[in-house]
*Asks:* 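Attaching a single structure in structure tokens format; questions to follow.
We name chains A, B, ... by the order of the sequence lines, and we start the count at 1 in each one. Small disclaimer: the values here were computed from a predicted structure and weren't measured.
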2 protein chains.
Amino acid sequence: MKIGELSQRTDTPVRMLRYYEEQGLIHSERLPNGYRSYEDYVVDRVRQVRGLLEVGLPTRIIKQILPCLDSSRAIYLPYVTPDMIATLEHERDRMAEKIECLTKNHRAINDYLDAVSHEIRAS
Amino acid sequence: MKIGELSQRTDTPVRMLRYYEEQGLIHSERLPNGYRSYEDYVVDRVRQVRGLLEVGLPTRIIKQILPCLDSSRAIYLPYVTPDMIATLEHERDRMAEKIECLTKNHRAINDYLDAVSHEIRAS
DNA sequence: TCAATGTGTGACATTGGTGTGAGGGTCAAG
DNA sequence: CTTGACCCTCACACCAATGTCACACATTGA
């Protein structure tokens, strides 16, 4: 597919798709006329990238961890440096913290909304 | 307490504390000499603010939802505009999405690390 | 063929969170 | 009284993600 379709299917500005490519997060072939051409799996990848960006990971980190999250999961041992392991462990732990924070606040908002709706019903 | 202590206790640059105040996220009294003076509860609030910032919420939104997350939770009905409710519901839903995204990726990293450690043991 | 739409590159602007430094008060300890 | 640590304000700088615009070429449909 071309960039416009990918943009629609991922609800992502074309500008950003080119940026993600520049940052090494997604890959495209080129058609004879120079247009970018994407494989289907890129749709999911873009969604994943956006998700990770939204929870505060910078592209630098996303680029590092993405290969490890590929569903076609063969482990390329040469990639597995102690450095990489450390990064992954660190990011995993940070994710756990974020999950905790979000869960807590999510619950608090929910509780509040519940309380408000009761309040309103009572008035 | 003064800003330096708050900074230490929250592991937050002084610069940022002043910024959060400017954005209306925390509050300080002033000592006679002009120094900021914080109540104890601000420590928790700063931690909460930082947590929310880390998961990608802008200060503008944090400012809106913070009052609803106060543990001393009396509902001030005048604050409860339909607008506000909509914002809260929206942010709550976004949080749920983020939790899902983080959980998925957290698990994937963990699985990967597990697989790697087995791989290493086997080699 | 013409107009509209899509794509390419490149450059510049903006925004939000953050860093940093200047210049100047406050205060406690020596 | 001086020194050093802390605080104040203000301003400028930085970075990453994103927006926007200009200009050119490609494609497609009327």
Side-chain angles (χ1 to χ4, degrees), chain A residues 1-39 42-43 45-66 87 91 94 97-98 101-102 105, chain B residues 1-39 42-43 45-66 87 91 94 97-98 101:
Chain A
M1 86 197 72
K2 284 179 292 181
I3 202 168
E5 186 183 343
L6 181 60
S7 167
Q8 284 185 239
R9 287 174 61 182
T10 60
D11 197 29
T12 303
V14 166
R15 169 73 173 86
M16 286 299 99
L17 295 174
R18 297 199 264 247
Y19 176 68
Y20 299 153
E21 179 173 333
E22 188 183 310
Q23 302 301 308
L25 305 182
I26 58 176
H27 174 255
S28 71
E29 309 289 325
R30 293 296 177 128
L31 299 174
N33 58 11
Y35 286 12
R36 269 165 264 251
S37 167
Y38 299 94
E39 316 238 340
V42 179
V43 173
R45 171 161 290 226
V46 169
R47 295 204 180 113
Q48 190 176 21
V49 165
R50 300 224 104 202
L52 292 171
L53 280 172
E54 292 222 322
V55 295
L57 278 80
T59 56
R60 194 187 88 254
I61 298 294
I62 297 177
K63 181 179 178 179
Q64 282 194 285
I65 70 181
L66 260 184
T87 300
E91 291 308 321
R94 284 181 63 74
E97 286 169 26
K98 288 179 179 183
C101 170
L102 279 167
N105 284 287
Chain B
M1 88 198 72
K2 285 178 295 181
I3 203 170
E5 186 183 343
L6 181 59
S7 167
Q8 284 183 242
R9 288 174 61 182
T10 59
D11 196 30
T12 303
V14 167
R15 168 75 172 87
M16 285 300 98
L17 295 174
R18 296 200 263 248
Y19 175 68
Y20 299 154
E21 178 173 335
E22 188 183 312
Q23 302 302 306
L25 306 183
I26 58 178
H27 173 254
S28 70
E29 308 290 326
R30 291 297 176 127
L31 299 175
N33 59 12
Y35 288 11
R36 268 165 263 251
S37 167
Y38 299 95
E39 317 238 341
V42 179
V43 173
R45 172 162 287 228
V46 169
R47 295 204 180 111
Q48 190 177 21
V49 165
R50 300 224 104 202
L52 292 171
L53 279 172
E54 291 222 323
V55 297
L57 278 81
T59 56
R60 194 187 88 254
I61 298 294
I62 297 177
K63 181 178 177 180
Q64 282 194 286
I65 70 179
L66 259 185
T87 299
E91 290 308 320
R94 283 180 63 74
E97 287 169 25
K98 288 179 180 185
C101 170

*Asks:* With heavy-atom distances below 4.5 Å as the criterion, would you say the side chains of B:Y20 and B:V42 are in contact?
*Replies:* no
*Asks:* List for me each residue that meets side-chain hydrogen bond (donor to acceptor under 3.5 Å, both in side chains) alongside A:Q23, sequence neighbours excluded, and say none if there are none.
*Replies:*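 A:Q23: no side-chain hydrogen bond (donor to acceptor under 3.5 Å, both in side chains) contacts found.
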*Asks:* Please work out which residues in residues 49-56 of chain B have a non-hydrogen atom less than 4.0 Å from an atom of DNA chain C and list them by number.
*Replies:*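 By residue number: B:R50, B:L53.
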*Asks:* Residues in salt bridge (charged side-chain N to carboxylate O under 4.0 Å, His left out) with B:R47, at least two apart?
*Replies:* B:D44
*Asks:* Mind checking what makes salt bridge (charged side-chain N to carboxylate O under 4.0 Å, His left out) contact with A:E54, not counting sequence neighbours?
*Replies:*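 Applying salt bridge (charged side-chain N to carboxylate O under 4.0 Å, His left out) to A:E54 gives B:R94.
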*Asks:* Can you list everything that forms a side chain to side chain contact (heavy atoms under 4.5 Å, CB included) with B:Q48? Sequence neighbours excluded, please.
*Replies:* A:N105, B:L52, B:L66, B:L69
*Asks:* For B:E91, check side-chain hydrogen bond (donor to acceptor under 3.5 Å, both in side chains) against everything at least two apart and list the hits.
*Replies:*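 Residues passing side-chain hydrogen bond (donor to acceptor under 3.5 Å, both in side chains) with B:E91: none at all.
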*Asks:* Scan residues 4-24 of chain B against DNA chain C and write down, sorted by residue number, each residue with any heavy atom closer than 4.0 Å; if none is found, say none.
*Replies:*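 Contacts with DNA chain C under 4.0 Å: B:P13, B:R15, B:M16, B:Y19, B:Y20.
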*Asks:* Any chance you could measure B:L6, atom CG, to B:S28, atom OG, to the nearest 0.5 Å?
*Replies:* 9.5 Å
*Asks:* Once you round it to whole Å, what is the distance between P of D:dT27 and NZ of A:K2?
*Replies:* 8 Å
*Asks:* What's the angle between the local helix axes at either end of the helix from C:dT1-D:dA30 to C:dG30-D:dC1, using five pairs per end and rounding to 10 degrees?
*Replies:* 0°
*Asks:* Report yes if some heavy atom in the side chain of A:T12 is under 4.5 Å from a heavy atom in the side chain of A:V49; otherwise report no.
*Replies:*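 No; the side chains remain at least 4.5 Å from each other.
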*Asks:* Give a yes/no answer on whether the side chain of B:T59 brings an N or O atom under 4.0 Å of OP1 or OP2 in C:dG17.
*Replies:* yes
*Asks:* Do B:M1 and B:V43 have side-chain heavy atoms sitting under 4.5 Å apart?
*Replies:*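 Contact flag for B:M1/B:V43 side chains = yes.
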*Asks:* Could you tell me the separation between the NZ atom of B:K63 and the P atom of C:dG16, rounded to a whole number of Å?
*Replies:*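 Nearest whole value for this atom pair: 13 Å.
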*Asks:* Please list, in numerical order, the residues of residues 26-38 of chain B that have a heavy atom closer than 4.0 Å to any atom of DNA chain D.
*Replies:* B:R30, B:G34, B:Y35, B:R36
*Asks:* With sequence neighbours excluded, what pairs up with B:S7 under the side chain to side chain contact (heavy atoms under 4.5 Å, CB included) test?
*Replies:* B:V14, B:L17
*Asks:* What distance separates B:K98 NZ from A:C101 SG, expressed to the nearest 0.5 Å?
*Replies:* 10.0 Å
*Asks:* Round to the nearest Å and state the distance from B:L25 atom CG to C:dT18 atom P.
*Replies:* 11 Å
*Asks:* Got a list of side-chain donor-acceptor pairs under 3.5 Å for residues 29-38 of chain A, not counting sequence neighbours?
*Replies:*
{"from": "A:R30", "atom 1": "NH1", "to": "A:G34", "atom 2": "O", "distance (Å)": "2.9"}
{"from": "A:N33", "atom 1": "OD1", "to": "A:Y35", "atom 2": "N", "distance (Å)": "3.0"}

*Asks:* Could you list the residues that satisfy salt bridge (charged side-chain N to carboxylate O under 4.0 Å, His left out) with B:E39, not counting sequence neighbours?
*Replies:*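 Once residues adjacent in sequence are excluded, B:E39 has no partner under the salt bridge (charged side-chain N to carboxylate O under 4.0 Å, His left out) criterion.
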